[in-house]
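Reading through the structure tokens given below for one structure.
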Amino acid sequence: MRGIRRSLVAATGATALIAAALAIPATAGAGATAVSGGDTEYLVLLETGADRNQAIAAVKAAGGEVVKENAHLGTLTVRAAASGFVTRVSASSAVEGAARSRPIGSVPQQKPRTVEQENGGTGKAATAKKQAVGMDPLDAQLWGLRMVRSDLARTVQPGKKSVKVGVLDSGIDARNPDIAPNFDWKLSRNFAPDIPEIDGVCEFRGCVDPVGWDDSGHGTHVAGTIGAAANGVGVSGVAPNVTLVEIRGGQDSGFLFLGPVTDALTYAGDVGLDVVNMSFYVDPWLYNCTANPADSPEAQAEQRTIIRAMTRALNYAHNHGVTLVGSLGNNHEDLGKPRTDISSPDFPLNTAYPRPIDNATCIDLPVEGPHVIGVSALGPSTTKADYSNYGLEQIEVSAPGGWFRDYFGTPQFRTNENLILSTYPVNTLQAEGLVDAAGNITPDGVAAGAQKQCPAGVTDFTKCGYYFFLQGTSMASPHATGVAALIVSQYGKKSHGDFGLSPDKVGKILMNTAQARACPNPPLQTYTNEGRPAEFNALCEGTRDFNGFYGHGIVDAYAAVTRH
């Protein structure tokens with residue numbers, strides 16, 4: 001099933017992409033003149049070979065206003081009324097489908113992050129370990145770096161500046177002294193302007209946060225794990241010398257909607273990024289299904305469009321040399337045997353309803369899309385974290401993601417140290433009450449594990465480094481992304497003036513050099529002692545060489561740069 005599903009999606013998307021690229025002129029925008037529009041943003045997908053002007057006319061006739069065009073993917077960004085537009089515009093022979101891209105005009109709301117911040121500021125501080133030679137001051141707390149052997153790999157290959165890693169997330173705080181040396185201001189872009197109704201009051205003119213800014217914290221945390229500089233301050237990343245590029249597709253509120261994500265992936269291919277990390281699923285559907293009986297006809301049509309648009313975007317990036325790495329998700333389920341989805345749609349909040357999921361016709365994007373390397377999350381004991389998704393069908397590798405409840409029965413149980421420490425924006429910590437107005441960590445911040453380090457002579461706290469603990473497959477994926485960046489650094493070659501390595505070769509090396517790990521014995525992993533209900537129990541299937549918990553194994557940076 002794994003190979004069949006991915007191959008079919010990849011083949012269909014590649015054909016559609018090529019045809020769309022030929023059929024639609026490469027213009028910067030559609031320049032719509034219609035006076036129609038509405039309070040919801042949609043992504044309209046043109047039929048392969050369709051007449052662009054006919055599609056634009058169909059959008060106008062359906063009450064929509066074209067605001068942007070992605071000629072490479074054959075998509076139009078449209079504003080229209082909240083209901084009825086998808087059905088009306090899809091009736092046109094020039095339109096393959098439409099889907100809500102970003103909601104506009106709804107009440108402010110924050111996407112829940114209950115898994116990633118499970119410690120909730122109540123974690124116990126563990127005893128600090130001795131600092132390893134050649135690492136940054138806080139690296140002794142980064143058990144993830146040691147698990148993937150980044151500490152050894154950097155003595156051979158710390159990464160090359162010519163290798164560019166895209167962080168498709170909520171932004172990156174480039175003020176952090178661990179991010180600043182590796183941040184590419186020229187290539188970085190923001191594809192997700194703030195929407196006041198869901199993100200809160202805009203801090204910047206035009207509601208467009210500048211590159212190098214992050215109000216969520218998620219993207220900055222991911223970026224630090226990938227490529228924080230080894231510069232004697234704070235922490236270092238798996239690949240401490242590579243270049244970090246912000247391709248922001250996420251809202252301050254934590255949502256990642258279709259339009260910004262597909263635009264970011266297209267851009268990644270156009271500017272020649274080597275690796276892109278995707279620690280999210282495309283909102284509002286945890287699973288996009290082609291014809292789920294629980295969904296309305298319009299919701300079904302919307303999800304079919306999301307599948308096709310994301311397929312085009314992932315294929316486009318891959319075909320332009322981008323290695324795609326994604327998190328398996330935090331829903332503690334076998335992705336080949338999904339449970340009933342009770343969380344979708346997750347926007348607006350409180351609109352979800354039970355949706356039985358048919359594995360053959362439903363897909364979790366982007367991780368189940370074509371060419372995406374799926375990563376599960378492990379705790380410091382190398383046990384699969386209770387929240388992590390798993391399963392033979394979609395996993396490729398495993399990596400450190402943190403597990404607050406690891407080491408049950410020992411003093412390390414429920415300690416912050418079991419999570420992943422990485423860079424974090426001071427403005428986000430202040431908004432959460434963990435840092436005060438003067439830049440000092442509050443008592444709540446200390447309990448939550450917030451930390452601060454300032455470079456020598458720096459008195460302005462906004463130029464100091466701030467660090468925070470999180471857990472999740474969102475934290476596992478960047479460990480694998482960092483190793484992928486080291487692989488490109490070590491084995492990449494110049495071709496037509498550009499340095500790089502084909503995504504298929506990167507993936508092969510990443511998987512072939514991973515540390516093989518057998519299923520637990522017995523293979524049914526229970527989490528009862530850790531306080532979880534039976535729903536969290538997970539059956540590990542497969543062999544030592546490949547199984548549903550570890551995939552091909554735990555990513556290994558040192559083996560990746562020395563054994564190929």
Centroid separation Phe255 to Phe280 less than 6.0 Å: no
SB check Arg339 Glu535 (cutoff 4.0 Å): yes
Under-4.0 Å salt bridge between Lys60 and Glu65: no
side-chain hydrogen bond (donor to acceptor under 3.5 Å, both in side chains) assessment of Thr48 paired with Glu96: CA-CA 8 Å; Thr48 301; Glu96 185 169 348; 4.8 Å; no
Ser188 side chain vs Glu246 backbone, donor-acceptor pair below 3.5 Å: yes
Donor-acceptor contact below 3.5 Å, side chain Ser388 vs main chain Lys384: no
Test item: side-chain donor near acceptor, Asp214 and Ser170, under 3.5 Å: yes
Check ion pair Arg189-Asp263 (N to O, under 4.0 angstrom): no
Whether Phe549 and Tyr390 hold their rings parallel, tilted or perpendicular, with breakpoints at 30° and 60°: perpendicular
Cationic N near anionic O, under 4.0 Å, Asp169 to Arg248: no
Option from Thr361, Asn288, Asp295 for which side-chain hydrogen bond (donor to acceptor under 3.5 Å, both in side chains) with Gln303 holds: Asp295
Met310 side chain reached by Val282 side chain, heavy atoms, under 4.5 Å: yes
Donor-acceptor pair, side chain of Asn190 and main chain of Val211, under 3.5 angstrom: no
Passing option when Val372 is tested against Val276, Leu314, Leu365 for side chain to side chain contact (heavy atoms under 4.5 Å, CB included): Leu314
Parallel, tilted or perpendicular, as decided by the 30° and 60° cut-offs, for the rings of Tyr42 and Phe85: tilted
Side-chain ion pair, Glu41 and Arg100, N-O less than 4.0 Å: no
Ionic contact status for Lys337 with Glu541, cut-off 4.0 Å: yes
Spacing of CG belonging to Asp199 relative to CG belonging to Asp209, to within rounding of 0.5 Å: 8.5 Å
Sidechain-backbone polar pair: Asp283 side chain, Leu256 backbone, donor-acceptor under 3.5 Å: yes
Close aromatic pair by centroid cut-off 6.0 Å: His552 and Phe546: yes
Trp185 and Phe183 aromatic ring geometry - parallel, tilted or perpendicular at 30°/60° bounds: perpendicular
Donor-acceptor under 3.5 Å (Thr262 side chain, Ala313 main chain): no
Ser398 side chain to Ala377 backbone, donor-acceptor under 3.5 Å: no
